[in-house]
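All remarks here apply to the structure that follows.
Note that the coordinates shown come from a computational prediction; the quantities given were computed from them, not determined experimentally. In what follows, residues are counted from 1 in the order of the sequence shown.
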Amino acid sequence: MTGAHVPPTGPGDDRSIGEIVADLSENFSTLLRQELDLAKAELKQDATKAGTGAGLLTGAGITAHLALTFLSLALWWTIAIWIGSHDHPALGWSGLILAVLWGIVAAVMAGNGRKRMQQIDGLPRTTETTKKIPDALKGHEEKNR
């Protein structure tokens, strides 16, 4: 611990129990402050990386959406010519066919996404270990086993 003073304890220690408890309290507070500062620094670094990653993923999503739009337009015209002719493409029917295809894709993706969301467990290990903290602070670690 940086900056924390840890006086020697033992037979030559002339401090009172109150002074020892005060030193322990101060050292514990210092340790907690240092851990919180470290956690803040790590979170800030991770948040910066996450922000950059989210921005890039957003850009990729927009670009993919544009690509899908133009591919859909090309497919729409291709289907229109297949079921109609070059002179009289069946734009209405081809649009309906394409809409049904995209509807099926959306339904499959929604079903799979819903199934995955139902599989989320939350934070089981964190919840379990957090429940053990009060006993550990009271010196009753045996109750946590």
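Side chain of Ser94 to main chain of Trp76: a donor-acceptor pair is present (N/O by atom type, distance under 3.5 Å, no hydrogens or angles). Remark: the backbone N or O of Thr48 is paired with a side-chain donor or acceptor of Thr52 at under 3.5 angstrom. Between the side chain of Gln45 and the backbone N or O of Glu42 there is no donor-acceptor pair closer than 3.5 Å.
Considering CZ of Arg33 and CG of Leu36, their distance stands at 9.5 Å, rounded to 0.5 Å. Atom CZ of residue Arg114 and atom CD of residue Gln119 lie 12.0 Å apart, to the nearest 0.5 angstrom. Distance check: Leu57 CG to Ile62 CD1 gives 11.5 Å after rounding to the nearest 0.5 Å.
For Asn112, the side chain to side chain contact (heavy atoms under 4.5 Å, CB included) partners at least two apart in sequence or on another chain are Val108, Lys115. For Trp93, there are no side-chain hydrogen bond (donor to acceptor under 3.5 Å, both in side chains) partners, not counting sequence neighbours.
Residues Phe70 and Leu98 share a hydrophobic cluster, clusters being chains of Ile/Leu/Val/Met/Phe/Trp/Tyr side chains in contact below 4.5 Å. Linking Ile, Leu, Val, Met, Phe, Trp and Tyr whenever their side-chain heavy atoms come within less than 4.5 Å leaves Leu66 and Leu75 in two separate clusters.
Clustering of Ile, Leu, Val, Met, Phe, Trp and Tyr by side-chain heavy atoms under 4.5 Å joins Val21 with Ile17.
When all heavy atoms of Glu19 and Ser16 are compared, the closest pair comes out as OE1-N, 2.8 Å.
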